[in-house]
Amino acid sequence: MRKFIVPICVFVLSLCSQAREAYVRPGLGDNWAVGLSVGAASPLKGHSFFTNMRPSLGVNLDKHLTPAFALGAEMLTSFNSSRWPGYIHSSTAFDNLYAGVYGSLDLVRLASPACGSVPVGFGLQAGCGWGHDFHSGKLADHNYFATKVGLFLRFNITPRFAVSLSPSVVWDMSDARVSQSSAAYSASKAVFNMQAGIRYSFGPGFTCPQLYDTSEVNALNGQINSLRADLITTKDELQAVNARAEALATELKEAREAKPEVVKEVMVNNRHNTVLDVFFLLGSANITPDQMPNVERIAHYLKNHPGSTVVIKGYASRDGNAKSNEKLASMRAEAVKTALIKKYGISATRISASGAGIGNMFEDDAWNRVSICTLEN
């Protein structure tokens, strides 16, 4: 039997060494598990199997080195087998005790992906350790080297909690009560155990790293580079827009500060009283009584010069909304035109009236609320 043990161990180690490393390798303190089992034990040969069956209890602690392979330690004891024929009776509640180390190989895990969970585990377990039979009276207890081989069927209820069923055989390898003088496997010196247990696992398990396809990574890098180029282009465009905005702001400031030389020149060179002003109150297009004499002067001139015409330009000051001021400038020109037609009977064909927007021909803004009437021959 011994000649088969070494090849089996070599085979198991070779399978473990060939296990895939697609999972994230855990640390020393990861992936430990503790188990508790109860069952029954009976002599494998030479005695009535069910008649001599006795209760048993086991505990174990193991660590998974790979998803399929684990190393551990266990303790297994059976209770009060004094009725087993041919066995030396025990005066204690315990008949025998086994404590040893073992290796287990999960065949389902070996054939499945290295990471992730599987609902069921099935495999082999083999180990060796110390055996002890409790004797009564003056006969010394029996200590021996023992080997243990078994199977396990495990149902993984959750990633951490599982229930299992484990049949096994423990051999007394000593030469006591046999004719051979060396350790040997003998069915008459073996005990069969059937254990049902619960198991709780600690640690993160064997998780898969996030793997990426090379072509997908290259495509994403291409998109990133494209977005970076777009960002540089956008920055350049933004700088150009900001420069244009600053230039327009400078032009606007210069335009506001500039004085309209054309209008001022007309006002200065007006030596023949051909330009008359009609001023208005803030926000109003109504001609006040104090401004009616100017309207009357325009009418008087037009009546005395039948071939003459008048051009009326309405202005507003910079106070208020620009759009409202443009409308107000137009209304002020129309107010003078309406007064000339209705009050003084001047023909509409001789009058041109239009709004000229914001006026800045006078230093005082109040003077820019005006309709400037230019008489032409």
Side-chain angles (χ1 to χ4, degrees), residues 238-377:
L238 180 61
Q239 290 178 355
V241 170
N242 288 336
R244 177 60 178 160
E246 291 178 1
L248 290 175
T250 302
E251 292 179 8
L252 178 60
K253 182 179 179 182
E254 292 175 353
R256 285 177 175 174
E257 294 176 352
K259 297 181 180 180
E261 297 179 2
V262 175
V263 176
K264 196 176 260 191
E265 186 176 340
V266 171
M267 297 300 294
V268 172
N269 294 335
N270 179 25
R271 296 188 179 93
H272 303 289
N273 293 326
T274 57
V275 177
L276 295 173
D277 302 321
V278 179
F279 295 97
F280 295 85
L281 296 177
L282 176 65
S284 173
N286 296 323
I287 302 174
T288 56
D290 62 309
Q291 295 298 312
M292 285 305 296
N294 291 337
V295 179
E296 184 177 355
R297 290 173 60 193
I298 295 169
H300 180 74
Y301 184 89
L302 292 174
K303 287 180 179 180
N304 291 337
H305 301 82
S308 63
T309 59
V310 63
V311 177
I312 305 171
K313 297 287 186 181
Y315 293 89
S317 63
R318 289 173 291 187
D319 304 283
N321 181 271
K323 188 173 182 180
S324 299
N325 284 337
E326 289 179 2
K327 184 177 179 181
L328 187 60
S330 218
M331 292 171 62
R332 286 169 176 170
E334 289 295 329
V336 177
K337 178 179 179 180
T338 301
L340 289 173
I341 294 172
K342 292 185 176 181
K343 185 172 181 64
Y344 298 103
I346 306 299
S347 173
T349 58
R350 301 176 64 190
I351 305 171
S352 174
S354 62
I358 306 300
N360 59 357
M361 67 289 295
F362 298 105
E363 292 182 2
D364 190 342
D365 252 353
W367 286 34
N368 290 319
R369 304 171 196 135
V370 64
S371 284
I372 298 178
C373 307
T374 304
L375 296 166
E376 299 179 349
N377 291 324

*Ala316 and Asn325: which non-hydrogen atoms are nearest, and at how many Å?*
CB-O, 3.5 Å
*Of all the heavy-atom pairs spanning Ala356 and Ala329, show the shortest one and how long it is.*
N-CB, 4.3 Å
*Look up atom CG in Asn360 and atom CD in Glu257, then write down how far apart they are to the nearest 0.5 Å.*
11.5 Å
*asked:* I want to check something: taking the side chain as every heavy atom from C-beta on, are Ile298 and Tyr344 in contact at a cut-off of under 4.5 Å?
replied: no
*Within-4.5 Å side-chain heavy-atom neighbours: Ile372 and Met361*: yes
_Side chains of Arg332 and Val370 in contact at under 4.5 Å (non-hydrogen atoms)_ = no
_Nearest non-hydrogen partners of Phe279 and Trp367, listed with the distance_ = CE2-O, 3.1 Å
*So, the side chain of Asn368 versus the backbone of Gly359: is there a donor-acceptor pair under 3.5 Å, distance only?*
yes
*asked:* What I'd like to find out is whether the side chain of Glu334 reaches to under 4.5 Å of the side chain of Lys337, using heavy atoms alone.
replied: yes
*Closest heavy-atom contact between Ser308 and Leu302?*
OG-CD2, 3.4 Å
*What is the minimum heavy-atom distance between Val336 and Ser371, and which atoms define it?*
CG2-CB, 3.8 Å
_Close side-chain approach of Ile358 to Tyr315, heavy-atom, < 4.5 Å_ = no
*Pairs in or reaching into residues 312-325: which pass salt bridge (charged side-chain N to carboxylate O under 4.0 Å, His left out), with residues at least two apart or in two chains?*
Arg318-Asp365, Asp319-Arg369
*Can you find a heavy atom in the side chain of Asp277 that is under 4.5 Å from one in the side chain of Asn294?*
no
